[in-house]
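These numbers come from a predicted model, not from an experiment.
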Amino acid sequence: MLKNWKKVSLATVLLSGLVLGACGNGSDGEGGSGDVTITYGIWDKIQQPGMEAIAEAFEAENPGIDVKVEVTPWDQYWTKLEAGAKGESMPDVFWMHSNEIAKYATGGVLMDLSETYANSEVTSLDHFPEELVELYSADDALYGIPKDYDTIALWYNKTLFDAAGVAYPDETWTWDTMLAAAQTLNDPDNGVYGILAPLNRQEGYHNFIFQNGGYVLSDDKTESGFRLDETIEAVQWYADLSVKHGVSPTQSQFAENTNLSFFQSGRGAMGFFGSWMTGEMANNDYTAANADVAPLPQGKQAGTIFNGLANSVAASTENEEAALKFVEFLGTEEAMRLQGENGAAIPAYEGTEETFVNAYSQFNMQVYVDQMANAYIKPYSAETARWEDVENNALMPVFDGTTTVKDVAADIVAGVEEVLANEK
């Protein structure tokens with residue numbers, strides 16, 4: 001388990017608020033009578049049917065406990081959760097993200113789930129990727145149960161490929177193969193670009209860094225990978241898809257149209273998307289009819305970023321017994337299969353991935369699962385969002401074509417390593 005994480009400033013604020021009141025929305029507190037209602041906070045409406053299916057299965061096995069799934073859009077989710085942690089209201093059980101876990105794992109905000117899973121007769125931590133268990137742990141305590149995992153793949157427009165006479169991408173593709181195909185497919189006069197390469201870490205240049213033998217953060221989380229030529233070279237190659245080769249829209253164009261909107265309107269022949277975007281592709285008439293998915297092209301080696309969400313429990317829930325029963329159920333094979341069958345996400349429970357693959361049989365979903373063989377956990381530290389901002393701000397002029405990665409690398413190193421040093 002991870003140890004010695006710095007107790008960030010938010011933790012003090014959160015802890016002070018926890019004493020102000022109860023966070024659960026249950027109909028009865030501990031010791032009450034009648035049915036209990038617990039809330040389950042999520043942020044993705046596309047996944048709502050899957051989460052509700054799990055809730056219904058749990059309710060059938062646990063008469064007297066009702067689960068209310070509450071959807072709050074991502075942009076408001078964390079603001080609402082922080083306010084809830086300060087004492088207004090907080091879901092009994094809720095989704096947790098790798099960027100936020102360090103803030104909420106300190107100060108007594110989240111319940112330690114170690115004992116629940118150590119004593120469980122229906123599931124075990126052994127069924128989940130070790131990296132995800134570690135990610136949601138701190139100081140020998142478990143603050144989140146892995147819910148799913150995701151990898152990154154290359155989506156492509158079959159119609160545009162067919163019209164240009166270009167063979168579909170496959171596992172043999174390299175960076176050079178992809179660039180050559182993008183140049184053939186590129187038709188900016190008609191608003192069509194060979195590939196979509198916005199300034200994006202998880203779905204973009206971080207994958208190329210690992211494929212080129214570099215890294216984003218050192219293993220001990222003290223150094224930035226922008227000290228390495230391999231990292232600098234990979235990010236510049238990715239940025240050059242736009243600034244040098246012109247096969248990707250510019251960053252100003254991406255400011256007006258998202259990566260997804262370009263692809264779903266037929267204006268991008270290829271794009272990098274995480275497995276969590278599959279529902280968006282399936283629910284869009286254009287991409288449902290014209291798109292498919294292939295492995296990421298390889299650099300010096302194969303590689304993809306992988307990440308995953310977790311389910312956490314509020315330490316101040318009024319419905320502790322019911323919340324713990326539900327979070328235990330969320331980690332069972334039954335619940336994970338329901339998640340996959342409803343097309344919510346790739347279940348984190350080993351051996352249930354095929355449910356997600358089969359839910360989207362119109363696409364080659366096996367690609368996402370197979371890429372776990374060459375996956376690197378999404379770079380994180382106690383204050384991930386802070387050093388990500390450093391990277392992002394320094395690279396903006398690179399992706400605008402006004403400077404190079406080499407020229408800003410020292411600034412990235414200084415800024416990122418200052419954040420990392422202050423975490424200790």
Side-chain angles (χ1 to χ4, degrees), residues 1-18 43 74-86 90 94-110 112 131-144 146 199-206 209-210 214-228 231 235 305-310 312 314-315 376-396 408-424:
M1 299 297 181
L2 301 181
K3 297 180 180 292
N4 300 321
W5 281 22
K6 177 181 180 290
K7 291 178 171 56
V8 294
S9 57
L10 175 62
T12 303
V13 178
L14 297 179
L15 179 59
S16 65
L18 288 175
W43 61 70
W74 171 268
D75 290 343
Q76 292 85 48
Y77 183 89
W78 299 106
T79 301
K80 181 179 178 181
L81 194 65
E82 182 177 340
K86 290 176 182 177
M90 201 177 189
F94 49 91
W95 284 0
M96 182 52 61
H97 191 276
S98 60
N99 279 16
E100 301 290 333
I101 182 60
K103 292 191 290 187
Y104 287 91
T106 56
V109 178
L110 303 181
D112 181 1
E131 296 95 331
L132 292 183
V133 175
E134 181 178 358
L135 173 59
Y136 291 103
S137 304
D139 297 326
D140 294 323
L142 178 67
Y143 293 114
L199 176 52
N200 186 305
R201 291 175 299 276
Q202 186 177 354
E203 290 180 293
Y205 69 85
H206 275 188
I209 289 174
F210 286 108
Y215 60 78
V216 179
L217 298 180
S218 59
D219 290 341
D220 62 2
K221 303 185 192 302
T222 62
E223 292 187 355
S224 165
F226 280 82
R227 289 179 173 274
L228 304 180
T231 297
V235 180
I305 298 294
F306 91 97
N307 193 31
L309 306 185
S312 296
Y376 296 84
I377 189 71
K378 180 180 178 292
Y380 69 91
S381 70
E383 298 190 50
T384 304
R386 289 189 59 203
W387 62 257
E388 284 185 341
D389 284 343
V390 170
E391 268 192 25
N392 189 73
N393 293 335
L395 288 173
M396 281 182 181
V408 302
D411 292 335
I412 294 176
V413 169
V416 169
E417 292 183 2
E418 180 181 6
V419 172
L420 297 175
N422 288 331
E423 292 177 348
K424 304 303 180 184

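- With hydrogens and angles disregarded, a donor-acceptor distance shorter than 3.5 Å links the side chain of E423 to the backbone of E383.
- Here L228 pairs with Y215, E230, T231 under the side chain to side chain contact (heavy atoms under 4.5 Å, CB included) rule; sequence neighbours left out.
- By the 4.5 Å heavy-atom criterion applied to side chains, L81 and Y104 are counted as neighbours.
- Residues that satisfy the salt bridge (charged side-chain N to carboxylate O under 4.0 Å, His left out) test with E388, not counting sequence neighbours, are R201, K378.
- The distance from the CH2 atom of W387 to the CG atom of L217 is 4.0 Å, given to the nearest 0.5 Å.
- N307 CG to S98 OG: the interatomic distance, rounded to the nearest 0.5 Å, is 3.5 Å.
- Scanning for ring-ring contact (aromatic ring centres under 6.0 Å, His included) contacts around F94 gives an empty result, with sequence neighbours left out.
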- Item | salt bridge (Lys or Arg N to Asp or Glu O under 4.0 Å) between E417 and R227, intermediate numbers included | CA-CA 11 Å; E417 292 183 2; R227 289 179 173 274; 2.7 Å; yes

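- When all heavy atoms of V390 and I412 are compared, the closest pair comes out as CG1-O, 4.0 Å.
- Distance check, rounded to the nearest 0.5 Å: OH of Y380 to CD of E134 gives 4.5 Å.
- Remark: T384 pairs with no residue by the side-chain hydrogen bond (donor to acceptor under 3.5 Å, both in side chains) rule, at least two apart or across chains.
- When every heavy atom of A382 is checked against every heavy atom of A102, the shortest pair comes out as O-CB, 3.0 Å.
- Using the six-membered ring where Trp is involved, W43 and W78 have ring planes that are tilted, between 30° and 60° apart.
- In this structure, the side chains of Y205 and E391 come closer than 4.5 Å at one or more pairs of heavy atoms.
- For K80, the side-chain hydrogen bond (donor to acceptor under 3.5 Å, both in side chains) criterion is met by T72, not counting sequence neighbours.
- Contact check for L132 versus I377: side-chain heavy atoms found under the 4.5 Å cut-off.
- For the pair S312 and M96, the tightest heavy-atom approach, listed with the atom from each and the gap, is OG-CB, 3.5 Å.
- Counting heavy atoms from C-beta on, the side chains of V408 and F226 never come closer than 4.5 Å.
- A donor-acceptor pair under 3.5 Å is absent between the side-chain atoms of K221 and the main chain of L420, judged by distance alone.
- From D112, atom CG reaches atom OG of S137 across 9.0 Å, with rounding to the nearest 0.5 Å.
- With contacts defined as side-chain heavy-atom distances shorter than 4.5 Å, the pair L309/H97 qualifies.
- Of all the heavy atoms in G108 and A315, the pair that sits closest is O-CB, 3.1 Å.
- Note on K103 versus E82: no salt bridge recorded, every NZ/NE/NH1/NH2 to OD/OE distance being 4.0 Å or above.
- Closest approach of M90 to A314, counting heavy atoms only: SD-CB, 3.9 Å.
- In plain terms, the two heavy atoms of V216 and I209 that are nearest each other are CG2-CD1, 4.0 Å.
- Under the side-chain hydrogen bond (donor to acceptor under 3.5 Å, both in side chains) criterion, Y77 pairs with no residue at all, not counting sequence neighbours.
- Side chains of T106 and D139 form no contact here, defined as non-hydrogen atoms less than 4.5 Å apart.
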